Amino acid sequence: MTSTSTPPGLARFNALDEDAALAALLETCSSTAWARRLLAARPYAAPEDLYAAGDAAMAELTAEDLQEAMAGHPPIGRPKPGDPTSAREQRGMAGASEELRAEMLELNLAYQEKFGHVFLICATGRTGEQMRDAVKERIGNSPEQEREIVRAELGRINRIRLARLVEED
């Protein structure tokens with residue numbers, strides 16, 4: 001399906017002043033380099049163009065840029081208080097047992113000790129058990145492997161967040 005007009009949410013994003021657009025992008029991903037790249041490419045004709053720009057910017061982030069992006073994400077099982085995005089994305093942990101929460105906390109700490117950053121996964125649609133299994137599996141990775149997995153997971157999170165940004169009416 002091809003659309004001849006820009007969807008209302010995307011048109012609104014394109015029309016934001018630079019500071020407001022930058023703030024919206026930094027809410028999506030806390031990497032300044034990523035946000036500035038997407039900002040510089042405005043206006044976007046279609047949501048797919050914005051998503052493609054996000055993917056391209058993610059692919060070019062340095063290790064330092066990735067660290068900055070990860071710093072904006074709370075540990076799995078501990079969404080940012082009062083942050084509906086964080087709570088929605090981590091919904092799979094909401095009903096987790098105390099045992100699973102305690103296990104996730106231990107795994108998060110072990111992961112952070114090894115890699116120097118929070119365990120990052122696109123939690124949307126995943127159960128607490130699936131997230132636990134993923135951290136158990138990934139903790140054995142090398143830092144280089146994990147950096148590329150984190151890049152891919154951030155890309156998935158950013159796409160979901162960009163879609164929410166431009167699909168709101």
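Hydrogens, waters and symmetry mates are skipped; everything else that's a heavy atom, side chains included, is used. Quantities reported herein were computed from a predicted structural model and do not represent experimental measurements.
At distances below 3.5 Å, not a single donor-acceptor pair connects side-chain atoms of Asp133 with backbone N or O atoms of Gln130. Judged purely by atom type and a 3.5 angstrom limit, Asn141 has no side-chain atom pairing as donor or acceptor with the backbone of Glu146. A donor-acceptor distance shorter than 3.5 angstrom exists from the side chain of Arg42 to the backbone of Phe13, with no hydrogens or angles considered.
Residues Ser30 and Glu68 have side chains that never bring a donor and an acceptor to within less than 3.5 angstrom of each other.
Within the 4.5 Å cutoff, no side-chain heavy atoms of Thr127 are placed close to those of Met131. Counting only heavy atoms from C-beta outward, the side chains of Arg151 and Met58 approach each other to under 4.5 Å. Looking at Gln112 and Phe119, their side chains never come closer than 4.5 Å, going by heavy atoms from C-beta outward. Looking at heavy atoms from C-beta onward, Val166 lies in side-chain contact with Tyr51 at the 4.5 angstrom threshold. The side-chain heavy atoms of Leu162 and Leu165, taken from C-beta on, include a pair separated by under 4.5 Å.
When all heavy atoms of Thr6 and Tyr44 are compared, the pair lying nearest together is CG2-O, 4.1 Å. For Leu10 against Pro47, the heavy-atom pair with the smallest separation is CD2-N, 3.4 Å. Across Leu120 and His73, no two heavy atoms sit closer than the pair CD1-CG, 3.3 Å. Between Leu16 and Ala24, the shortest heavy-atom contact is CD1-CB, 4.5 Å. Taking all atoms of both residues into account, the shortest heavy-atom contact from Leu39 to Ala21 is CD1-CB, 3.5 Å. The minimum heavy-atom distance linking Gly54 with Trp34 is given by the pair O-NE1, 3.0 Å.
Note on Ile160: it does not cluster hydrophobically with Ile149, by side-chain heavy-atom contacts below 4.5 Å among ILVMFWY residues. Taking hydrophobic clusters as Ile, Leu, Val, Met, Phe, Trp and Tyr residues chained together by side-chain heavy-atom distances below 4.5 Å, Val118 does not share a cluster with Leu107.
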Apply side chain to side chain contact (heavy atoms under 4.5 Å, CB included) to residues Arg36 and Leu25 and explain how you reach the verdict.
CA-CA 8 Å; Arg36 290 208 178 282; Leu25 290 168; over 6 Å; no
Using side chain to side chain contact (heavy atoms under 4.5 Å, CB included), reason through Arg159 and Asp55 one step at a time and then give a plain yes or no.
CA-CA 8 Å; Arg159 269 185 171 254; Asp55 292 346; 2.6 Å; yes
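Within a 6.0 Å radius of CD in Glu60, other residues, nucleotides and ligands contribute more than 12 heavy atoms. Sparse packing is recorded around CD of Glu137, with 12 or fewer heavy atoms of other residues, nucleotides or ligands lying under 6.0 Å away. A 6.0 Å sphere centred on CD of Glu106 holds no more than 12 heavy atoms belonging to other residues, nucleotides or ligands. Other residues, nucleotides and ligands contribute only 12 or fewer heavy atoms inside 6.0 Å of the CD atom of Glu27.
A salt bridge does not link Glu129 to Arg132: none of the charged nitrogens lies less than 4.0 Å from a carboxylate oxygen. Glu103 has a carboxylate O that lies under 4.0 Å from a charged side-chain N of Lys136, or vice versa, which qualifies the two as a salt bridge.
Once rounded to the nearest 0.5 Å, the distance linking CG of Leu61 with CD of Gln67 reads 11.5 Å. Asn158 CG to Leu50 CG: the interatomic distance, rounded to the nearest 0.5 Å, is 10.0 Å. A distance of 8.5 Å separates OG1 of Thr124 from CZ of Arg164, quoted to the nearest 0.5 Å. The line from CG of Leu22 to CG of Leu38 is 10.5 Å long, rounded to the nearest 0.5 Å. The CZ atom of Arg126 sits 3.5 Å away from atom CD1 of Ile121, with the distance rounded to the nearest 0.5 Å. Leu154 contributes atom CG, which lies 13.0 Å from atom CZ of Arg147 (distance to the nearest 0.5 angstrom).
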